[in-house]
Amino acid sequence: MRFFNTYSREIEEFQPRDPAERKVGIYTCGPTVYSRAHIGNFRAYIFEDLLQRHLELRGYNVHRVMNMTDVDDKTIRGACEANIPLAEFTAPFKQAFFEDIETLRIKRADEFPAATDQHYIDRMIEMIGTLISRGLAYQADDKSVYFRINKFPDYGKLAHFDLTQLQSTGRVKHDEYDKEHIGDFALWKAWDEEDGDVGWESPWGRGRPGWHIECSAMATALLGDQIDIHCGGVDNIFPHHEAEIAQSEGVTGKKFVRYWLHCAHLLVDGQKMSKSLGNFYTLPNLLEKGYTGREIRYALMRVHYRAPLNFTWEGMEEARQALARIDEWLARLREVIAKKIDNEKNKTRPREQFEEALDDDLNISAALGFLFETIRETNRAMDRNELDAPSAEAWLDWWKRINKVLDLETENEILLPAEVAQLAKDREKARREKKWNQSDELRDRISARGWEVRDTKDGQKLTPRGTS
RNA sequence: GGCGGGGUAGCCAAGUGGUAAGGUCGCGGUCUGCAAAACCGCUAUUCGCGGGUUCGAUUCCCGCCCCCGCCUCCA
């Protein structure tokens with residue numbers, strides 16, 4: 001198995017810390033719960049889901065942690081504006097997040113530590129204390145504690161940045177007079193009036209943790225000093241992950257992460273989907289348009305994680321059609337099995353290309369290409385009545401195996417509504433009497449109710465469209 | 001300005017030093033009363049542009065162009 005490691009900028013053979021036990025520790029940066037996450041955020045989480053599921057398919061025992069950032073400027077501002085306690089403000093967004101990942105069939109992480117958990121606050125304070133004692137951090141005149149990047153020679157290595165070349169984007173306001181170096185980042189932010197009643201006591205006074213330290217504290221607390229894989233969006237490479245390395249290694253003295261994997265952005269109209277640009281869609285936005293969770297999952301999954309993915313409605317339609325093709329294929333395989341078709345002519349058996357494609361830095365496009373090739377070949381055999389039941393069973397087993405990674409099968413059998421059943425019954429009668437106009441009219445009415453009619457040798461078949 | 005990612009058909013996209021997977025859309029055909037689904041065929045003499053290496057380059061090298069992102073709290 002090979003992955004592109006952001007640190008080396010090279011494809012590397014994957015070797016976990018504990019190859020014998022096949023244990024893999026993964027840390028993924030989770031949402032900041034100040035508003036509902038948008039589908040660009042979920043592209044990253046789906047990529048991480050694919051990673052976890054493929055590792056598991058290959059026999060690894062994955063332990064994944066995803067943090068919840070429930071204290072930062074935005075959450076505090078939101079709570080202030082709503083005039084409610086911070087926890088009350090973030091709770092519905094946490095809940096919405098869990099609903100959304102369930103809709104998208106994203107496997108839950110083993111742990112979702114929250115930044116405001118006193119246990120982790122304590123750990124952050126402890127780490128900051130250690131960094132200060134080693135000269136890697138200092139308390140400035142503004143009472144905040146900053147990381148001293150000049151004392152950490154590797155700072156900038158992940159992003160390949162030359163620190164003397166850093167330019168301010170003006171996105172974040174700097175308290176330049178308080179910091180020794182413009183690049184020094186906050187570990188502990190001193191309380192100010194805008195924080196209201198949000199704050200924790202520390203050896204440096206009342207305040208709250210900086211964003212980066214929370215991940216270092218939770219990652220090392222739950223996964224140990226060294227973790228196998230750390231993921232996130234490319235926009236987290238700098239400064240967030242760079243800072244995590246500095247803080248963690250500054251405390252433990254050990255290499256923090258073996259493999260850094262970063263996901264490219266979801267674009268809309270060729271631009272990064274983001275809250276600040278206002279060009280974003282949430283999951284409920286797409287569900288309202290009639291798309292289902294698995295259709296959205298497919299649409300967000302089908303492009304390689306390191307390539308930008310442009311979100312379009314055309315892409316959503318493509319996802320729907322592609323899934324219908326898979327559904328149809330599965331239904332046909334099951335039919336062959338049910339009919340116990342026995343034919344010696346075509347004994348086809350599954351191959352390994354799907355898994356091998358994913359071994360290659362999660363090449364999902366190649367993997368799906370192989371799936372669809374397989375679908376065409378087996379459909380062709382079924383058209384000729386040349387696929388026997390054992391072969392169909394073998395392909396179905398194969399699907400069950402790869403679907404552990406894809407998780408794209410329709411969830412529940414949708415019951416035929418009585419109304420549609422009656423229309424179908426009427427249509428059957430009309431067809432027996434060769435009343436074609438009536439038959440076609442009934443087909444339209446059934447179609448208007450979201451069901452598709454097909455006339456086969458065995459009579460009418462009804463399939464729901466756009467199913468979850 | 002620095003550092004990345006990307007540029008392959010209408011759209012999405014894989015890929016290799018030896019002549020371009022797959023999905024979707026469109027067109028034609030088989031099947032069908034007509035459809036649908038499925039299958040078959042057609043749809044890139046060509047892979048952003050210009051050089052170079054090579055018997056041969058979309059792939060390797062050099063230069064350039066375009067798009068997107070990051071450059072101190074964005075997945």
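Here is the naming used below: chain letters follow the sequence lines, and residue numbers restart at 1 for every chain.
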S.K.: Salt bridge between Asp73(A) and Arg208(A), side-chain N to carboxylate O under 4.0 Å?
M.R.: yes
S.K.: Measuring only the C1' atom in each nucleotide, how far is U45(B) from U8(B)? A whole number of Å is fine.
M.R.: 14 Å
S.K.: Expressed as a whole number of Å, how far does the C1' atom of U43(B) sit from that of G2(B)?
M.R.: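 These two C1' atoms come out 44 Å apart once rounded.
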S.K.: Between G15(B) and A36(B), how far apart are the P atoms? Round to whole Å, please.
M.R.: 34 Å
S.K.: Would you call the rings of Phe147(A) and Phe152(A) parallel, tilted or perpendicular if under 30° counts as parallel and over 60° as perpendicular?
M.R.: perpendicular
S.K.: Just the rounded figure in Å: distance from C1' of C3(B) to CG of Asp235(A).
M.R.: 15 Å
S.K.: Expressed as a whole number of Å, how far does the P atom of U30(B) sit from that of U24(B)?
M.R.: 22 Å
S.K.: May I ask you to decide if the ring planes of Phe42(A) and Phe97(A) are parallel, tilted or perpendicular, using 30° and 60° as cut-offs?
M.R.: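 Answer is parallel, since the angle falls under 30°.
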S.K.: Can you find a donor-acceptor N/O pair under 3.5 angstrom joining the side chain of Glu373(A) to the base of G22(B)?
M.R.: no
S.K.: Relative to the ring of His240(A), is the ring of Trp211(A) parallel (under 30°), tilted (30 to 60°) or perpendicular (over 60°)?
M.R.: parallel
S.K.: Using a 4.0 Å heavy-atom cut-off across all strands, classify His262(A) as base, sugar-phosphate, or nothing.
M.R.: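 The answer is nothing, as His262(A) stays clear of every strand by at least 4.0 Å.
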S.K.: So what does Leu371(A) hit on the nucleic acid, given a heavy-atom distance under 4.0 Å: a base, only sugar-phosphate, or nothing?
M.R.: nothing
S.K.: Is Gly210(A) touching bases, backbone alone, or none of the nucleic acid, heavy atoms closer than 4.0 Å?
M.R.: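 Here Gly210(A) touches no strand at all.
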S.K.: Side chain of His160(A) only, please: which of C3(B), U72(B), C12(B) is the nearest?
M.R.: C3(B)
S.K.: How long is the line joining CZ of Arg427(A) and P of A35(B), in whole Å?
M.R.: 13 Å
S.K.: Suppose you measure atom C1' in U58(B) against the same atom in G48(B); what distance do you get, rounded to whole Å?
M.R.: 11 Å
S.K.: Would you state whether a donor and an acceptor, one from the side chain of Arg431(A) and one from the base of G33(B), lie under 3.5 Å apart?
M.R.: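 Per atom types, the contact qualifies.
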S.K.: Could you check whether the side chain of Asp455(A) and the base of C34(B) have a donor-acceptor pair of N or O atoms closer than 3.5 Å, going by distance alone?
M.R.: yes
S.K.: Can Phe372(A) be classed as stacking with the base of G22(B), given a centroid separation cut-off of 5.5 Å and a plane angle cut-off of 30°?
M.R.: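 Phe372(A) vs G22(B): stacking no.
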S.K.: Look at the aromatic rings of Trp399(A) and Trp329(A) and report parallel, tilted or perpendicular, splitting at 30° and 60°.
M.R.: perpendicular
S.K.: Please state the C1' separation for the pair C47(B) and G7(B) - nearest whole angstrom.
M.R.: 10 Å
S.K.: Taking atom P of G5(B) as reference, at what distance in whole Å does atom CG of Asp361(A) sit?
M.R.: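 About 12 Å, once rounded to whole Å.
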S.K.: Salt bridge between Asp383(A) and Arg380(A), side-chain N to carboxylate O under 4.0 Å?
M.R.: no
S.K.: When the distance from CE of Met273(A) to P of C67(B) is rounded to whole Å, what number comes out?
M.R.: 21 Å
S.K.: Any chance you could encode RNA chain B as dot-bracket? Rule is Watson-Crick or G-U wobble with both distances under 3.5 Å; [ ] for pairs crossing earlier ones, | for another strand.
M.R.: (((((((..(((.....[...))).(((((.......))))).....(((((..]....))))))))))))....
S.K.: At 4.0 Å (heavy atoms only), tell me whether Thr312(A) reaches a base, stays on the sugar-phosphate, or touches nothing.
M.R.: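 Answer is nothing: Thr312(A) stays at 4.0 Å or more from every strand.
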S.K.: What orientation do Phe311(A) and Trp313(A) show, parallel under 30°, tilted 30 to 60°, or perpendicular over 60°?
M.R.: perpendicular
S.K.: What contact category does Phe370(A) fall into here, base, sugar-phosphate, or nothing, at under 4.0 angstrom with non-hydrogen atoms?
M.R.: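 Nothing, no heavy atom under 4.0 Å.
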S.K.: So if I take every side-chain heavy atom of Asn379(A) and compare against C39(B), U72(B), G33(B), which nucleotide ends up nearest?
M.R.: C39(B)
S.K.: Can you find a side chain N or O atom of Arg380(A) that sits less than 4.0 Å from OP1 or OP2 on A38(B)?
M.R.: no
S.K.: Regarding Lys275(A) and Ser35(A), do their side chains bring together a donor and an acceptor under 3.5 Å, going by distance alone?
M.R.: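 Result is yes, a qualifying pair exists.
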S.K.: Measure CE/Met68(A) against C1'/A75(B) and give the value in whole Å, please.
M.R.: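 In whole Å, A75(B) C1' and Met68(A) CE are 14 Å from each other.
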S.K.: Within the 4.0 Å heavy-atom criterion, would you say Leu267(A) contacts the bases, only the backbone, or no part of the nucleic acid?
M.R.: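 Answer is sugar-phosphate: Leu267(A) comes under 4.0 Å of backbone atoms only.
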S.K.: Say you pick atom C1' in U59(B) and the same atom in A20(B); how far apart are they, in whole Å?
M.R.: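 It works out to 11 Å between them.
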S.K.: Under 3.5 Å, is there any donor-acceptor pair linking the side chain of Glu317(A) to the base of G23(B)?
M.R.: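 Counting by modelled atom types and ignoring angles, no donor-acceptor contact under 3.5 Å is found here.
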S.K.: Sticking with atom C1', work out how far G23(B) lies from A14(B), rounded to a whole angstrom.
M.R.: 11 Å
S.K.: By nearest heavy atom, map Val453(A) and Gly369(A) onto RNA chain B; which one lands nearer the 5' end?
M.R.: Gly369(A)
S.K.: Students often get this wrong, so: under 4.0 angstrom with heavy atoms, is Lys74(A) touching a base, only sugar-phosphate, or nothing?
M.R.: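 Result for Lys74(A) = sugar-phosphate.
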S.K.: Looking at Arg443(A) and A35(B), is any side-chain donor or acceptor paired with a base atom of the opposite kind under 3.5 Å?
M.R.: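 Pair found.
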S.K.: What is the separation between atom CD1 on Ile364(A) and atom C1' on A21(B), rounded to the nearest whole Å?
M.R.: 15 Å
S.K.: Look at the side chain of Asp440(A) and the base of G33(B), then say whether one donor and one acceptor between them are separated by less than 3.5 Å.
M.R.: yes
S.K.: Could you check Arg454(A) against Ser365(A) and say which one's nearest nucleotide on RNA chain B is further toward the 5' end?
M.R.: Ser365(A)
S.K.: Return the orientation label for the Phe370(A) and Trp398(A) ring planes: parallel under 30°, perpendicular over 60°, tilted otherwise.
M.R.: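 Judged by the thresholds at 30° and 60°, the geometry between Phe370(A) and Trp398(A) is perpendicular.
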S.K.: Taking only side-chain nitrogens and oxygens of Asn41(A), does any of them come within less than 4.0 Å of OP1 or OP2 of A75(B)?
M.R.: yes
S.K.: Rounded to whole angstrom units, what separation is found between the CG atom of Asp383(A) and the P atom of G41(B)?
M.R.: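 Going from CG in Asp383(A) over to P in G41(B) covers 13 Å.
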S.K.: Expressed as a whole number of angstroms, how long is the span from Tyr146(A):OH to U72(B):P?
M.R.: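 It is 15 Å, rounded to the nearest whole Å.
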S.K.: State whether Asn363(A) places a side-chain N or O below 4.0 Å from either non-bridging phosphate oxygen (OP1 or OP2) of A14(B).
M.R.: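 Answer no for this pair, as no side-chain N or O of Asn363(A) is under 4.0 Å from OP1 or OP2.
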S.K.: State plainly whether the residues Asp407(A) and Arg53(A) are in salt-bridge range, i.e. N to O under 4.0 Å.
M.R.: yes
S.K.: Are OP1 or OP2 of C70(B) and a side-chain N or O of Lys272(A) less than 4.0 angstrom apart?
M.R.: yes
S.K.: Kindly check if the number of other-residue, nucleotide or ligand heavy atoms within 6.0 Å of CG (Asn437(A)) is above 12?
M.R.: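 No - once you tally the heavy atoms of other residues, nucleotides and ligands closer than 6.0 Å, there are 12 at most.
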